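Residue numbers count from 1 along this sequence. Only a predicted model underlies this, so the values are computations on that prediction, with no experimental measurement involved.
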Amino acid sequence: QVQLVESGGGLVQAGGSLRLSCAASGSIFSINPMGWYRQAPGKQRELVATIGIRTRYADSVKGRFTISRDNAKNTVYLQMNSLQPEDTAVYYCNADIFGNTYWGQGTQVTVSS
């Protein structure tokens, strides 16, 4: 069983930065994709960024967010710069372990204008 624990959310002013972390426990390998999704109130959960064999970003965060991974620590990071109010959401860590999908509990990111 894999558990994902996020940290690093909070309240920040527009233009500010935050770094999210997601620590994975259990059997996870560097080839297993991990990523971040977010869900704003009243909206569907959407992809933010994933990292595996390739790295992928949502168009809305390209150039502002950077996903990275430390395989030795089984941890994935999301560095978020130039945050805007529309980035406000609950951010969820995700891992795809050979066809099984795992989610973290989510961490709130709030960007004030």
Side-chain angles (χ1 to χ4, degrees):
Q1 188 74 323
V2 173
Q3 288 188 321
L4 306 174
V5 179
E6 301 106 333
S7 61
L11 173 64
V12 64
Q13 288 188 329
S17 299
L18 283 174
R19 188 173 88 147
L20 305 182
S21 300
C22 172
S25 61
S27 298
I28 186 166
F29 303 93
S30 60
I31 63 170
N32 297 134
M34 294 184 71
W36 292 93
Y37 289 69
R38 67 186 181 187
Q39 188 166 17
K43 294 187 177 181
Q44 289 188 328
R45 192 172 296 188
E46 63 176 4
L47 169 74
V48 176
T50 61
I51 185 167
I53 295 175
R54 286 178 289 220
T55 300
R56 184 160 63 110
Y57 294 94
D59 288 342
S60 59
V61 307
K62 282 181 182 176
R64 300 188 298 124
F65 291 10
T66 302
I67 190 169
S68 62
R69 183 170 181 170
D70 185 335
N71 291 319
K73 295 181 179 180
N74 276 351
T75 300
V76 64
Y77 304 96
L78 185 68
Q79 177 65 44
M80 304 185 293
N81 299 328
S82 301
L83 283 161
Q84 299 301 317
E86 52 266 34
D87 295 316
T88 295
V90 178
Y91 284 69
Y92 296 92
C93 181
N94 166 278
D96 183 350
I97 315 296
F98 303 119
N100 295 312
T101 301
Y102 298 88
W103 295 94
Q105 80 285 355
T107 185
Q108 177 71 45
V109 171
T110 303
V111 185
S112 63
S113 57

Which heavy atom of [X] sits nearest a heavy atom of [Y], and at what distance?
X	Y	value
Ala14	Gln84	CB-OE1, 4.4 Å
Val109	Gly9	CG2-CA, 4.2 Å
Thr75	Lys73	OG1-O, 2.9 Å
Met34	Ala95	CG-CB, 4.0 Å
Asn32	Asp96	CB-O, 3.4 Å
Val76	Cys93	CG1-SG, 3.9 Å

- [ ] Only one of Leu78, Thr88, Val61 passes side-chain contact (heavy atoms from CB on, under 4.5 Å) with Arg38; say which it is.
- [x]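 Testing Arg38 for a side-chain contact (heavy atoms from CB on, under 4.5 Å) against Leu78, Thr88, Val61 leaves exactly one candidate, Val61.
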Find the distance between [atom1] ([X]) and [atom2] ([Y]) and round it off to the nearest 0.5 Å.
X	Y	atom1	atom2	value
Arg69	Thr55	CZ	OG1	10.0 Å
Arg64	Lys62	CZ	NZ	13.0 Å
Ser30	Asp70	OG	CG	11.5 Å
Glu46	Ser60	CD	OG	5.5 Å

Hey, does [Y] have a side-chain heavy atom less than 4.5 Å from the side chain of [X]?
X	Y	value
Tyr91	Gln108	no
Val90	Thr107	no
Asp87	Phe65	yes
Asn94	Trp36	no
Val2	Leu4	yes
Leu18	Leu83	yes
Ser17	Gln79	yes
Tyr77	Leu20	no

- [ ] Evaluate side chain to side chain contact (heavy atoms under 4.5 Å, CB included) for Val12 paired with Thr110, printing each intermediate quantity in order.
- [x] CA-CA 6 Å; Val12 64; Thr110 303; over 6 Å; no
Same cluster or not: [X] versus [Y], using hydrophobic residues (I, L, V, M, F, W, Y) connected whenever any side-chain heavy atoms lie under 4.5 Å apart?
X	Y	answer
Ile31	Ile67	yes
Phe98	Ile53	no
Tyr92	Ile97	no

Open item on the list: Within the supplied structure, the quantity of interest is the number of heavy atoms (other residues, nucleotides, ligands) at a distance under 6.0 Å from Gln105 CD; does it exceed 12?
Closed with: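 For Gln105, atom CD is crowded (more than 12 foreign heavy atoms under 6.0 Å).
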Task: is_close_aromatic(Tyr37, Trp103), centroid dist under 6.0 Å - done: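 Ring centroids of Tyr37 and Trp103 are less than 6.0 Å from each other.
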